[in-house]
Q: 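Take this structure first; my questions come after.
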Amino acid sequence: MALLLLSPTRLEAAFLKGRKFTFRGRAGLRGEGWVWLEAGIGKVNMALTLAAYAQRHTLERALLFGIAGAYPDSGLGIGDAALAEREVQADLGVRGGGMKGLGFPTLVTGESRYHNRFPLDPGFTGQLSQTLRLPTRTFLTRDLVSETPSEAKEFARRWEADLENMEGAAFAQGCLWLGIPGAELRTVSNQAGVRDKTQWRVKQAVEGLEALLRQVLPV
Ligand SMILES: O=C(O)c1cccc(C(=O)CC[C@H]2O[C@@H](n3cnc4c(=O)[nH]cnc43)[C@H](O)[C@@H]2O)c1
């Protein structure tokens, strides 16, 4: 059984070396005990890629890695990294009330009912947190990136979240539904709500991902 690595873009995985393949038109690499796939940006791309690959392959675990925006009062700055204890799907349900505001769970597995918050696997995440000496935080997923610091601050306050991204909640929900232990690792490329790309440090954030993944993969 393999470890499935997923990143939204090839840019975030440019350091990985392996045997190239394509999976339904997406870039892939095969390494020793791991497979990486480019998932595409956004929730739908992430969910479809995870489910389509998991339907055809037995997976031991799955790790989503990528860049993220840090919310103003998170205490995280550009170049910092964290693992997701849980993900928030912030676009689902009613404004201010989420899916509880609608009165329906988003996902039911066994005795567990999930509305907008989806935990990552505590065992896998705890192992990575210890190995990489990284904190675990609440990540938030949106279809739209925050465009102003005040918008970012409001999302952070409403959902008590520290990092913003566009895929993680779909990954976390998919792993729960598919029964695959999943973890999510992000490095901070920008302050969420700052749209000025001259203030983004994507290269530095990707270099941080490389340094961390080299500690857990035989790359
Ligand atoms: O508009 C641009 O020129 C531009 C340049 C670099 C990156 C972007 C993105 O929109 C990146 C989205 C991508 O990265 C994750 N990400 C990184 N920072 C944030 C954020 O502040 N809010 C939400 N997502 C972020 C995201 O998961 C995507 O995979 C645009």
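As a basis for the values below, the full set of heavy atoms in this structure was taken, side chains included, without hydrogen atoms, waters or symmetry mates. Every number for a ligand or one of its atoms is a count from 1 in the order of the listing.
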Q: Just jot down the side-chain hydrogen bond (donor to acceptor under 3.5 Å, both in side chains) partners of Asn116, sequence neighbours excluded, or say none.
A: none

Q: Quick test: of every protein heavy atom, which one is nearest to atom 6 (C) of ligand 1, and how far off is it to 0.1 Å?
A: Lys197 CE, 3.7 Å

Q: Do Ser146 and ligand 1 have an N or O pair less than 3.5 Å apart?
A: no

Q: Which bit of Lys43 gets closer than 4.0 Å to ligand 1, counting heavy atoms only: side chain, backbone, both or neither?
A: neither

Q: Using a 4.0 Å cut-off to any heavy atom of Ile41, which atoms of ligand 1 qualify?
A: 29 (O)

Q: I'd like to know whether ligand 1 has Glu12 as a neighbour, heavy-atom separation below 4.0 Å.
A: no

Q: Just checking, Arg214 and Phe15: is the charged tip under 6.0 Å from the six-membered ring centre and within 45° of the axis?
A: no

Q: Which residue is it: Glu87, Glu151, Glu154? I am looking for the one with a salt bridge (charged side-chain N to carboxylate O under 4.0 Å, His left out) to Arg142.
A: Glu151

Q: Between Gln173 and Tyr114, is there a side-chain donor-acceptor contact under 3.5 Å, judged purely by atom types and distance?
A: no

Q: Considering non-hydrogen atoms of the protein only, which is the closest contact for atom 22 (N) of ligand 1, and what is the distance?
A: Glu164 OE2, 2.8 Å

Q: Among Arg10, Arg26, Lys20, whose salt bridge (charged side-chain N to carboxylate O under 4.0 Å, His left out) with Glu38 holds?
A: Arg10

Q: State the atoms of ligand 1, each with its element, that fall below the 4.0 Å cut-off from a heavy-atom position in Pro8.
A: 29 (O)

Q: What is the nearest protein non-hydrogen atom to atom 23 (C) of ligand 1, stated with its residue, atom name and distance?
A: Val145 CG1, 3.3 Å

Q: Just which atoms of ligand 1 are under 4.0 Å from any heavy atom in Arg186?
A: 27 (O)

Q: Between Ala68 and ligand 1, find which residue part has any heavy-atom pair under 4.0 Å and reply side chain, backbone, both or neither.
A: backbone

Q: Under the 3.5 angstrom rule, does the side chain of Thr141 hit a backbone N or O of Ala169 as a donor-acceptor pair?
A: yes

Q: Does the residue Ser189 have a heavy-atom contact with ligand 1, meaning some pair of atoms that are separated by less than 4.0 Å?
A: yes

Q: Of all the non-hydrogen atoms in the protein, which one sits nearest to atom 14 (O) of ligand 1, and at what distance?
A: Ile67 CG1, 3.5 Å

Q: Regarding atom 12 (C) of ligand 1: of the candidates Met166, Gln191, Arg195, Glu167, which has the closest heavy atom?
A: Met166

Q: Take the angle between the ring planes of Tyr53 and Phe21 and call it parallel below 30°, perpendicular above 60°, tilted in between.
A: tilted

Q: Counting heavy atoms only, which of Thr187, Asn190, Leu163, Leu64 is nearest atom 21 (O) of ligand 1?
A: Asn190

Q: Considering heavy atoms of the protein only, find what lies nearest to atom 19 (C) of ligand 1 and give residue, atom and distance to 0.1 Å.
A: Gly69 N, 3.5 Å

Q: To which protein heavy atom is atom 8 (C) of ligand 1 closest, and what is the distance rounded to 0.1 Å?
A: Trp200 CZ3, 3.6 Å

